[in-house]
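Down below is the structure, laid out as structure tokens.
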Amino acid sequence: MSRHRSYRPGGLRPAARIATYGSLILFSLIYILPFVIELGSSFKTDADATANPLNPIPGHWTLAAFHELAQQDFPLWFFNSAFVSVSVTLGRILFDSLAGYALARLRFRGRGALFSAIIAVMAVPSVVLMIPKFLVLNELNLYNTYAGMIMPLLADAAGVFIMKQFFESIPPSVEEAARIDGAGIFRTFWSVVLPMARPALITLTVLSFQGSWNELSNFIVSRQSPSLNTLTSGVASLVSGQLGQGNQYPLKLAAALLMTIPVAIVFFVFQRQLVRGTQGAVKE
Amino acid sequence: MAAQIEATAARPAASARRARGRRPRGGGIRGREAAAGWLFTAPAVLMIVVFLVVPILMAAWVSVSDWSGIGNPFGGGAHYVGTRNYSALLTQGGLARQQLVQSITNNFYYVLLVVPLQTVLALFLAVALNRRRLAGRGFFRTAYYFPSVTSTVAISIVFLFLFSGSGVVNTILGDLGANGPTWFADPNGLIHLLLGVFGVHTPPAALANHGLLGQSWWDWLSGPSIAMTVIIVLSIWTTSGTFMLIFLAALQNIPAEVEEAAIMDGTNAWQRMRRVTLPMLRPTLFLVLTLGLIGCWQVFDQVYIMSQGNPSGTTLTPAYLSYLTSFGNQQWGEGAAISFLLFAIIVVLTVLQRFLLRERDAGR
């Protein structure tokens, strides 16, 4: 009897309900609280942040940390990050969709082998590539240049893979119609197929922007000049204390806060697409 | 990333349709198509070759050379030294081997804690979020996933603040009547500390006097240091959200009837989890464990920002050590050799994991 009563589709017994919501709320606090403290502490004075770390509300509101950042190289780092991330994103969209389309649709000798090679390359862990990247940039005289910071990030086997898989899911009838109407291969790709690939392009855009905005190791090995610091490498140098006295937590936290805002915006704008993208993830 | 890769996963039906739909045409069009194929793939392939394949070959040469950062390593600046760099790291009892072995020990404990904990946490959160008629699902999902999209640099700064000597965590511990450690300055290993609780402060001779690769068993068994534990907590906190999303997607693909049938059979929630849900999540579990394992052996950013390998080398990882050896100490040959050893570790462990999980499948 009791067994049958426990069958309530969608329902939960009260104890289980409390336990579920209780743990969900507890964990959301653990995940959110650090950001709240980050936000509040960046408006504090040094002494306040050190004396009352737990209270996210400043005893005395101040913009000192932000003023200080504005006078440092922070705006330059921000510009560098934006420039590099946008360049990488645009480059990847172009290169990956071209290559993905060719691998999915155009028949040429060696296509299968080329695709296998790209899959194999995806397996190389990026951290292993730090020294190799430096060596090649040095050899090509690209070390300490914007080009040297951007180009290694354009080697994006995973993006080619994403685009190829997507193009294969589009029925070929549309492009065939365009081809019969006399459109060339590139024209068919550019004005017929690419507009249809919008969902995959959004996924690729978000991943590329987020990835290159948050990238650190590439900018450690591709440049040395302080004027080429991105937000990640620049803020990392702040942490190691180049600014001198005190722990300056409000300053560092303000920097961390500001560098989070662009990816947060992208995340909240495209969240639905991203979550949906992952939800197709493990379909077999 | 890999989640997204599989997102647009292969649809065999589509390619079959294509094969049927398109009959080979005249040679001219074929030829143009082949030319376009190579032209379209050229930019991406060029980047991959120049910035991935060629660099690996260059690093392979440097790893068997004595390049010290001066001159051109490919034009007389370096000499072939055979396997000297590798033997310094693996067989000779010097500083190089001591540091490498320590970094591997550290990273081993990091993997041992991060991979299972983040997987269990991600699965737990996903199962909780997958309940039907859950209020605030979107809010919770966003809250858990958000740390995954922010940069490690920003998160590391927040954690440096949270775990500073008089920081948030120690304030909370203080309120609870406990004395928090000075997290980032504490090289004591967790297992050593645990043994200390039971009165074991000095190693038994058997453990202190014998060892492997020049490190005593006692040091192998130190556990992660307090400082490393903070990095472990940070990693679990940032990556569990991504894996939660992957699990959630897989859970939503399990038809509701399967669970309902199990309920009708009189199973309780735990039995359903063990006998129904987990077996159906097997491919996802494998994906998450593999991604976790590969990612965890590459830990670099957190160490670079938070600890630089300190205190007493207890947060050194092979990835950071290879950076330090080459960019810091200008011993490029040795640094490159560490990279290749790390690569080998990752490959071997991934294959091993695959083998172990497949073995059990066959037994079923």
Side-chain angles (χ1 to χ4, degrees), chain A residues 3 7 10 20 24 28 31-32 34 38 53-54 95 98-99 101-102 106-108 121 125 127-128 130-133 135-136 152 154-155 157-158 160-162 165-166 168-169 172 185 200 203 207 210 214 216-217 232 235-236 239 249 252-253 256 259-260 263 267 277-283, chain B residues 1 3-11 14-15 18 21 33-34 36-37 40-41 43-44 47-48 51-52 54-56 58-59 128 132-133 140 143-144 147 149-151 153-154 157-158 161 167-168 171 245-246 249-250 253 263 266 284 298 300-301 305 319 323 326 335-336 339 342-343 346:
Chain A
R3 269 180 186 175
Y7 173 58
T20 303
L24 284 174
S28 62
Y31 281 84
I32 294 172
E38 173 187 10
L54 189 53
F95 290 7
L98 274 171
Y101 179 69
L106 303 178
R107 282 156 303 171
F108 56 98
V121 155
V127 156
V128 171
M130 291 179 71
I131 297 170
K133 262 190 212 164
L135 293 172
V136 80
L154 292 180
V160 174
F161 184 77
I162 290 178
Q165 300 301 70
F166 187 84
E168 282 182 342
S169 74
I185 294 173
T203 304
L207 288 178
Q210 200 174 294
N214 292 340
L216 172 65
S217 60
T232 46
V235 173
V239 178
Y249 274 117
K252 296 173 191 168
L253 290 166
M259 72 190 289
T260 308
V263 277
F267 170 67
T278 327
Q279 290 195 338
V282 215
K283 266 186 192 149
Chain B
M1 190 74 188
Q4 311 287 348
I5 296 164
E6 301 219 348
T8 31
R11 275 157 223 185
S15 45
R18 189 194 61 215
E33 203 171 305
F40 276 35
T41 45
M47 287 298 151
I48 290 172
F51 293 104
L52 250 148
V54 171
I56 291 175
M58 289 168 125
R132 278 162 286 172
R133 291 194 206 154
F140 289 126
Y144 304 148
V149 302
T150 57
S151 91
V153 179
I157 290 176
V158 176
F161 180 61
V168 175
T171 308
L245 274 195
I246 298 180
N253 280 339
I263 293 172
T284 317
Q298 297 194 58
F300 173 84
D301 291 9
I305 300 154
Y323 163 79
S326 39
S339 290
L342 175 61
F343 193 12
I346 292 175

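The model shown is predicted, which means the values in this text are computed figures rather than measured ones. Quick note on labels: first sequence line is chain A, next is B, and so on, each numbered from 1. Computed from heavy atoms alone, side chains included, the values below leave out hydrogens, waters and symmetry copies.
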Legend entry - Pick from Leu342(B), Ile56(B), Asp301(B) with the largest number of heavy-atom pairs that fall under 4.5 Å of chain A: Asp301(B)
Legend entry - Among the listed options Gly37(B), Ser326(B), Ala36(B), the residue most often paired with chain A at heavy-atom distances under 4.5 Å: Gly37(B)
Heavy-atom distance under 4.5 Å between the side chains of [X] and [Y], does that happen here?
| X | Y | value |
| --- | --- | --- |
| Phe95(A) | Met47(B) | yes |
| Leu253(A) | Phe161(B) | yes |
| Leu154(A) | Ile48(B) | no |

Inset, instruction - Just give me the residue among Leu216(A), Leu54(A), Leu24(A) that pairs up with chain B most often, heavy atom to heavy atom, under 4.5 Å. - result: Leu24(A)
Inset, instruction - Give a yes or no on whether the backbone of Phe140(B) and the side-chain of Tyr31(A) come within a donor-acceptor separation of less than 3.5 Å. - result: no
Legend entry - Side-chain donor/acceptor of Glu33(B) to backbone N/O of Leu106(A), under 3.5 Å: no
Legend entry - Ala59(B): partners by side-chain contact (heavy atoms from CB on, under 4.5 Å), with sequence neighbours left out: Pro132(A), Leu135(A), Phe340(B)
So, for [X] and [Y], which heavy atoms are closest and what is the spacing to 0.1 Å?
| X | Y | result |
| --- | --- | --- |
| Val136(A) | Phe51(B) | CG1-CD2, 3.9 Å |
| Val153(B) | Ala236(A) | CG1-N, 4.1 Å |
| Pro125(A) | Phe343(B) | CD-CE1, 3.3 Å |
| Ile32(A) | Ala143(B) | CD1-CB, 3.7 Å |
| Ala102(A) | Thr41(B) | CB-CG2, 3.7 Å |
| Thr260(A) | Ala154(B) | OG1-CB, 3.7 Å |

About how many Å separate [atom2] of [Y] and [atom1] of [X], when rounded to the nearest 0.5 Å?
| X | Y | atom1 | atom2 | answer |
| --- | --- | --- | --- | --- |
| Met130(A) | Gln298(B) | CE | CD | 11.0 Å |
| Thr150(B) | Gln210(A) | OG1 | CD | 9.0 Å |
| Ile185(A) | Phe40(B) | CD1 | CZ | 6.5 Å |

Inset, instruction - Give, as side chain, backbone, both or neither, the part of Ile346(B) having an atom under 4.5 angstrom from any heavy atom of chain A. - result: side chain
Inset, instruction - Let me know if Thr171(B) has heavy atoms under 4.5 Å from chain A in its side chain, its backbone, both or neither. - result: side chain
Inset, instruction - Measure distances from Val128(A) to the heavy atoms of chain B and classify the residue's part below 4.5 Å as side chain, backbone, both or neither. - result: both
